[in-house]
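Some notes on the structure that comes next.
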Amino acid sequence: MATIIGLCGSLRRGSFNLMLLQAAVHAAPPGTTIEVESIRDIPLYDGDVEAEHGIPVAVQRLKDRLAAADGVLIVTPEYNNSMPGVLKNAIDWLSRPAADIPRVFHGRPVAIIGATPGPGGTALSQAAWLPVLRPLGMRPWFEGRVLISAAAKVFDAEGRLVDAATGDRLRTFVEGFAAFADTERR
């Protein structure tokens, strides 16, 4: 049984990426759970805060959740042709102190998906994550891609995934990543 932590790179309640993450939760195969974790309470990284007060409670809690998980699913929007700053900031905090990187990240399977109202399907954002994940020692899963363009046509007003082809692609992706995470973490 695989437990995957899902991180959404958008803080907006009506985010297409949060909708996509919720759809991934529902697409998880039997024996796999995708547990959604929020980055909303993680402050902007500040080395002075770290030196004076240590790791914030929200950061430590998420670090412990990641360390106990079999994998991480990053659901990323694309802002100005790159990754969202709020999620990059969260990863920066989660990698502090550097001595915790092996416990939290090293060898942990990771997959990246994303949705955008525009035409690019988050391809640039997904690619921008790779140089961040490499020094953390994570194990990216490259056997499938979920890049959703024109997301307003794929989700309804209640946030449900309504495009059947996209739903099938997401289900196949989540099943493949779950199997990879389960195998890699054993």
Side-chain angles (χ1 to χ4, degrees), residues 1-44 58-59 61-62 65-66 68-91 93-94 109-129 132-133 140-141 143-181:
M1 180 164 139
T3 299
I4 296 168
I5 299 298
L7 297 176
C8 179
S10 174
L11 300 178
R12 192 169 60 87
R13 285 183 297 278
S15 161
F16 290 123
N17 286 281
L18 185 57
M19 294 175 195
L20 180 57
L21 179 52
Q22 291 299 335
V25 167
H26 296 296
T32 297
T33 57
I34 298 176
E35 299 176 1
V36 177
E37 287 292 338
S38 176
I39 59 171
R40 180 172 295 280
D41 295 330
I42 295 179
L44 289 174
V59 174
R61 182 188 165 284
L62 186 52
R65 297 282 294 131
L66 290 174
D70 298 304
V72 179
L73 178 63
I74 293 174
V75 186
T76 185
E78 185 168 296
Y79 298 153
N80 298 315
N81 294 329
S82 194
M83 68 184 73
V86 293
L87 187 52
K88 173 61 168 68
N89 174 73
I91 299 298
W93 262 119
L94 294 166
V110 61
I112 308 168
I113 61 177
T116 182
T122 71
L124 296 174
S125 178
Q126 290 189 34
W129 278 107
V132 174
L133 301 174
W141 186 68
E143 300 301 315
R145 292 185 84 177
V146 174
L147 303 144
I148 298 176
S149 301
K153 297 177 182 176
V154 176
F155 298 96
D156 68 13
E158 284 76 45
R160 291 183 301 255
L161 182 63
V162 294
D163 182 79
T166 301
D168 290 342
R169 201 166 68 245
L170 178 62
R171 189 172 308 99
T172 299
F173 182 92
V174 171
E175 288 171 355
F177 179 57
F180 175 76

In terms of heavy-atom contacts, Arg13 and Leu18 come closest through O-CD2, 3.6 Å

Can you find a pair of side-chain heavy atoms, one from Thr76 and one from Pro84, that are under 4.5 Å apart? yes

Contacts of Phe173 meeting ring pair (Phe, Tyr, Trp, His ring centres under 6.0 Å) (sequence neighbours excluded), chain-then-number -> Trp141

(message) Strictly distance-based, threshold 3.5 Å: is any side-chain N or O of Asn17 a donor or acceptor partner for the main-chain N or O of Ser10?
(response) no

Strictly distance-based, threshold 3.5 Å: is any side-chain N or O of Asn89 a donor or acceptor partner for the main-chain N or O of Pro43? yes

Taken to the nearest 0.5 Å, the spacing of Leu66 CG from Leu7 CG works out to 6.0 Å

Value for CD1 (Ile42) from CG (Leu94), rounded to nearest 0.5 Å, stands at 5.0 Å

Quick check against the 3.5 Å criterion: does Thr122 have a side-chain atom that pairs as donor or acceptor with the backbone of Ser125?
no

Applying salt bridge (Lys or Arg N to Asp or Glu O under 4.0 Å) to Glu35 and not counting sequence neighbours gives Arg65

Applying salt bridge (Lys or Arg N to Asp or Glu O under 4.0 Å) to Arg40 and not counting sequence neighbours gives none

Taken to the nearest 0.5 Å, the spacing of Glu143 CD from Thr172 OG1 works out to 13.0 Å

Correct closest heavy-atom pair for Ala128 and Ser82 would be CB-OG, 3.6 Å

Tightest non-hydrogen contact, residues Ile112 and Gln126, listed as O-OE1, 3.2 Å

Residues passing the salt bridge (Lys or Arg N to Asp or Glu O under 4.0 Å) test with Arg61, sequence neighbours excluded, are Glu37

May I have the list of side-chain donor-acceptor pairs in residues 161-170 shorter than 3.5 Å, sequence neighbours left out?
from, atom 1, to, atom 2, distance (Å)
Asp163, OD2, Thr166, N, 2.8
Asp163, OD2, Thr166, OG1, 2.6
Asp168, OD1, Arg171, NH1, 3.0

Correct closest heavy-atom pair for Pro29 and Ala178 would be CG-CB, 4.0 Å

Shortest non-hydrogen pair, Gly71 vs Phe177, comes out as CA-CZ, 4.3 Å

The reported gap from CH2 in Trp129 to CG in Leu124 (rounded to nearest 0.5 angstrom) is 14.5 Å

Distance col, row Leu87:CG vs Leu11:CG, nearest 0.5 angstrom, shows 9.0 Å

The reported gap from CG in Leu62 to CH2 in Trp93 (rounded to nearest 0.5 angstrom) is 13.0 Å

In short, Pro140 meets Phe180 closest at the heavy-atom pair O-CZ, 4.1 Å

The salt bridge (Lys or Arg N to Asp or Glu O under 4.0 Å) partners of Lys88 (sequence neighbours excluded) come to Asp92

For Glu78 and Gly121, indicate whether the former's side chain and the latter's backbone hold a donor-acceptor pair under 3.5 Å. no

